[in-house]
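First the structure, in the form of C-alpha cells, and then the observations on it.
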Amino acid sequence: MSEDKNSNENKSVGAKGYILPAIVVAFSFAIIYTVVVAIPNLPSLKSEPSKYAMEYVEKEADGTIKRDEQGLPVLNDAGKGRAIYVREGCFYCHSQFVRPQDRDFGSRVFAGDYANETPNVLGTSRTGPDLSNEGGKLPDEWHVGHLKNPREYNPGSIMPSFSYLPDEDLGYLVSYLQTLGRKRMDDPENRHIYEAYYPEADEAFWHASEHHKPNVDSAAAANAGAGIFRQNCAVCHGLNGLGNGPNALAMAKKPANFSRPYYKAYSDKTWYWRVAEGVPGTRMPRWKLKLEPEQMWYLVAFLKTLPQDKSPIIEPYQTIDSEAWQSQSALPERITDNYEKLAKNKKKGGKSSKGGHGGH
Amino acid sequence: MIRRIFSSEEGSAAKFFMFSAIVWLIVGMGAGLLGALEFSFPDLTKGVAQLSFTRLRPAHVNTVAFGWLSMANIGACLYIIPALCKTKLFSEKLANFSCYLWNIGIFVGMLTLLNGYTEGREYAEYREPIDILFVVALGSVSYNLFRTLLNRTVKKLYVSVWYIMGAFFWMPIIFIVGNRTFVAMEGLNDGILNWFYGHNILGMWFTVLGVGIAYYMLPKMSGKPIWSHSLSMFGFWTIAFFYAPTGTHHLLQSPVPEWLKALAVIFSAALVIPVISVLVNFYMTMKGSWWMLTTNMPIRFVLTGAFWYLVTCLQGPFQATRGVNWYIHFTQWVVGHAHAALLGTFTFFVIGAIYYGLQRLTGKRIYSVRLVKWHFWLLLIGFFLFFASLTIGGLQQAVGWALGYPVAQWGLVLPPMWLVRSIGGVLMFLSSCLFGFNIYMTMREKPISSELEIKVAVPIEGDSK
Ligand code: HEM
Ligand code: HEM
C-alpha cells in the first residue's frame, strides 16, 4: 500500500527504509512478551495448588466443581466474600503475602497457595496489616463491628467505615476473612520453621532485660504478674492460663496451656524470651513492644507457678459475656496500687521501681 | 450536527483531546484529593459507598492516567506528528471520533468504578465494555497516526517520531494483554500478568510518549538542534529493549518464580542507561539557554519535568534492587515515586506541550501569562509537599518495619505526613483549576492575525497581559 502511495504522490515518502527497524521493534517485543508472560503461564510450569490453597467454589459430591445453569461455578460463602473484598478494594490497603522478614503476620505463603485465586489480591501497599493469616484470629462479631466502625475498635485507625455494606455482604466478607490462611496456621508440620531462635543468642536483648529485674521467685512478684496476666493475656490464655480464653475459641493455633507438666522444664530465661519475642507463626504477640522488661519478669514469676504435675481437664471455652468473667477479671486492689506506683515512678524518671513489690 | 461532531477542521481533534484532558485532570485530581483527605479524616464520607476511599482510588488513578495523561499526550501527539511529518493528519474525523469514544469510556468508567464495578487489578480496573471501547479508540488513533506517518513528506524521522510511534505500537498490545476482558489467568500468574501490564503502560506508554514530546519541545523552543541525534536513538532502542521484562519488580518479594525476579532486577538496573542518555541529551541541548527558564513558560514546565524525571529514575533502579525493595516496599514511598513519575514528570511535560501547542492550534494567545506562572508555582510547591511528605513517611514506615514494630504507624507517625500531602493536594487542585480557567479564557480571545506571529507565539513573560 505504501508502494502505490509513493508512485502516486511523489512528495510522500512512505515506509521505505523503515520496514526493517519496525520489524526489529515488533520482534524484540514479541520475544520479551513470550519470555515474561507466555512462558510462566505454560501449563507445565504453573504451580500446582498446595494443600493450603483456598477453596472458593462449591463442590459436587464427586469432587467436581458445581455449576449453575449458565455453566458458571457456584461460589461458596468465602468465594462470595472474596468477590466483595475485590469489589470494595480492600487490597489497596491490605497485602496478602508474608515475607520472610515480616513479624506478627503468621507463617509465610508460597506460590501454590494462590492457585485458585483470580484476580490476584497480593496488594502493593500495607496501609493496614497483612491479612494472609487473618482467619481465626478474631471472632466474627469483632470483624463485623470493626468493618462498620473501625475507630471504635481501634482508635486512630484510618480504615474506611464499610457501614454502607448490607449485612449479607458483611457476612460473606467475614467468612472470607475467616478462611484466610487458616489451614496453614493449623498445621503442626510448619512449626519447626519458626522455632529457630536460641534464647542465649542475643546479648543486647539479655542485657536490656536485666534492668529492674525483680526476684522472680517471690510470691509478691507472682501476684503482681497475675494482675498483668489478667489484663493482657487472659483473653487468649484464659484466667488460669489453661489456654481457654474467649479469643481462643476462634483461634486456629490455640494459645498455650501453661498447666501442662511440660512447662516445668522452662527456665526463667526461656519464659522471658517467649513472652518478649512472642511465638512466630502464631498469634502470640511480641510483648517486648508493649511491656517493660520489669513487667515481663513479673509475668515470668506468675507463669512459673502454673505448671502442674498433671494437667487438669480443660473446661469448655470461657465466653466473653459471662458475668463471672467480668467479676474475676477485675483487678484486685493491691495490684492496682502497685501499678499506680509503678506508673508514678516512671513519670518521675523511673529511678526506682523497688517500692511496692516484695522480694527484698 | 454530525458534521460538527466529526469535524474535519485541521487541528480540531488535537484541541478536542487537550480540552477533554484538562477537564479530566480537574475531576481526577478532585477524586485524588478527596481520597487523600480521607486519610486524615477517615469518617469524612462515612456511609456513602461512592465516596469511600476504596472506590475513589481506582476512579482517581484511572481518570488521571487514562483521562488526563493519556488524552493530553494523544492531543500533543496529534499536533506533533503531523508537524514533524510536514503533512496533515490522516483523518481528523476519525481522530474526533476516537476522542468521543475515549471521553465516553472515561465518563462511564468513572461512574462504574465509583459504583463498585471493577475488574480488581490495579490500572486495569475498568470493566469489559469499557475495555473494548478503549481498544477501539486506541486502535483508531494508532491507525490514524501510522497512516499520517506513511503520508509524510520528510525523509528522515526525527527521534520524537520514533518514541511516539513506538508507544502507539506497543500500547494496544499491552492493553489487550493486560485486561482480564481479553486474557484471564489464575493464581500468581494473574499477578505476574497484572504487573507486566501495570509496568508497561507506565514504561512503554507514558514514559515513551512523554520523552518523545519533550524531545520535540526542547529544540523547538530553545531554537537549537538536539545535542546528539545518535544518543537519542540509542536511548530509544535501549528503552524498547529493557523496559518490557521489568514488571516483576513490583512483586519482588512475593512468591513468584525467582528467575523472573532476577530478570526484572537486572533489566530495571539497566534502565539507568536510557534514562541517563535522555537526560544528558536534554541538559546538553539546553546548555547556554538556561536563561529561558525565567521567561519561557512551556520550557519551564518541560525542564521541571526533566528534573523530576531524574528523581524518579534515580529512585527506580535502586528500589528495584532486592535490598532497597526489602526496605521500601509496601510503604508510602512507592506512592511518592508513582506521583513523581506521572505527576512530577509527565504531567509537567505535557502541560508545557499544551501551552505551546494550543497557541499554534488555535492561533490565539494564552489569556494570561501571570496565571500560567501561578499555575506553575502552585503545582510545583504542592507537588513538592506531596512528594516530600510521602517519601519521609515511607522511610519512617520502613524503619518501623525493619526494627520489627507492628504495622501500627497509622496511629503514630504518618498522620502529619498525610495532612501535608492533602495540603499539597489542595494547592495542586487549585493550580489545575487556574489552568482550566486560563485555557477557557484563551478560547474566548480573538485570534492573532498574522501567520508569522502564530509561528513564534510562546507564552513568554512580558509578552501579553
Ligand atoms: C491533587 C492531586 C493528587 C492527589 C491529592 C492524589 C492523591 C492520591 C492518593 C491519595 C492515592 C492513593 C495512594 C494510596 O493508595 O496509598 C493516589 C494514587 C495514585 N495517583 Fe494520585 N493524586 C493526585 C494527582 C495525581 C496525578 C495528576 C496523577 C497522574 C497523572 C496521579 C497518579 C496516581 C497513581 C498512578 C496512583 C497509584 C499509586 C500507587 O499505586 O502506588 N495522581 N493519588
Ligand atoms: C527508570 C526506571 C524505573 C525503575 C527501575 C522503576 C522501578 C519501580 C519499582 C521497583 C517499583 C515498585 C516499588 C514497590 O512496590 O516496591 C515502582 C513503582 C512504580 N513506578 Fe517506577 N521505576 C522507574 C521509572 C518509572 C517511571 C518512568 C514511571 C512512570 C511512567 C514509574 C511509575 C511507577 C508507578 C506508578 C509505580 C507504582 C506502582 C504501584 O504500586 O501501583 N516508574 N517503580
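Chain naming here is simple, since letters A, B, ... match the order of the sequence lines and numbering starts at 1 in each.
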* chain A interface, residue from Phe169(B), Tyr243(B), Tyr117(B), Phe53(B) that has the most non-hydrogen pairs under 4.5 Å -> Phe169(B)
* **Proximal component of Val48(B), with respect to chain A [non-hydrogen, under 4.5 Å]** => backbone
* To do: Check whether any side-chain heavy atom of Asn149(A) sits under 4.5 Å from a side-chain heavy atom of Lys46(B), and report yes or no.
  => yes
* To do: Supply the atom-to-atom distance Thr45(B) OG1 to Tyr164(A) OH, rounded to the nearest 0.5 angstrom.
  => 8.5 Å
* Asked: Checking Met165(B) against chain A: side chain, backbone, both or neither under 4.5 Å from a heavy atom?
  -> neither
* Asked: Is it the side chain or the backbone of Leu157(B) that comes within 4.5 Å of chain A heavy atoms, both, or neither?
  -> both
* Give the intermediate values and the outcome of side-chain contact (heavy atoms from CB on, under 4.5 Å) for residues Ile192(B) and Asn120(A). => CA-CA 9 Å; Ile192(B) 296 171; Asn120(A) 76 89; over 6 Å; no
* To do: Please report the shortest heavy-atom distance between Arg99(A) and Trp326(B), naming the atom on each side.
  => NH1-O, 3.5 Å
* Asked: Taking every heavy-atom pair that is under 4.5 Å apart, which of Arg151(A), Glu117(A), Arg87(A) has the most such pairs with chain B?
  -> Arg151(A)
* Asked: Going from CD1 on Ile158(A) to CH2 on Trp418(B), what distance comes out if it is rounded to the nearest 0.5 angstrom?
  -> 3.5 Å
* What pair of heavy atoms forms the shortest contact from Pro42(B) to Ser157(A), and how long is it? -> CG-O, 3.8 Å
* To do: Taking the side chain as every heavy atom from C-beta outward, state whether Leu122(A) and Leu188(B) have any atom pair closer than 4.5 Å.
  => yes
* Do you know which of Arg121(B), Glu119(B), Arg55(B), Glu38(B) has the most heavy-atom pairs under 4.5 Å to chain A? -> Arg55(B)
* Asked: When heavy-atom pairs shorter than 4.5 Å are enumerated against chain B, which of Gly123(A), Ser95(A), Cys93(A) gives the highest number?
  -> Ser95(A)
* **Heavy-atom contact with chain A under 4.5 Å, split by part of Leu44(B)** => neither
* Does atom OH of Tyr56(A) have more than 12 heavy-atom neighbours from other groups under 6.0 Å away? -> yes
* To do: Considering only heavy atoms and a distance below 4.5 Å, find which of Cys90(A), Pro160(A), Ala115(A) pairs most often with chain B.
  => Ala115(A)
* To do: Examine whether an atom of Glu125(B) lies under 4.5 Å from a heavy atom of chain A, and if so say whether it belongs to the side chain, the backbone or both; otherwise answer neither.
  => side chain
* For Thr124(A), is it the side chain, the backbone, both, or neither that has a heavy atom closer than 4.5 Å to a heavy atom of chain B? -> both
* **Heavy-atom side-chain proximity of Val334(B) to Ser125(A) below 4.5 angstrom** => no
* In terms of heavy-atom pairs under 4.5 Å, which option from Trp162(B), Phe41(B), Phe267(B) contacts chain A the most? -> Trp162(B)
* List the steps, then state whether side-chain contact (heavy atoms from CB on, under 4.5 Å) holds for Thr127(A) with Gln332(B). => CA-CA 8 Å; Thr127(A) 308; Gln332(B) 295 293 311; 3.7 Å; yes
* Do you know which of Phe91(A), Tyr114(A), Phe97(A) has the most heavy-atom pairs under 4.5 Å to chain B? -> Phe97(A)
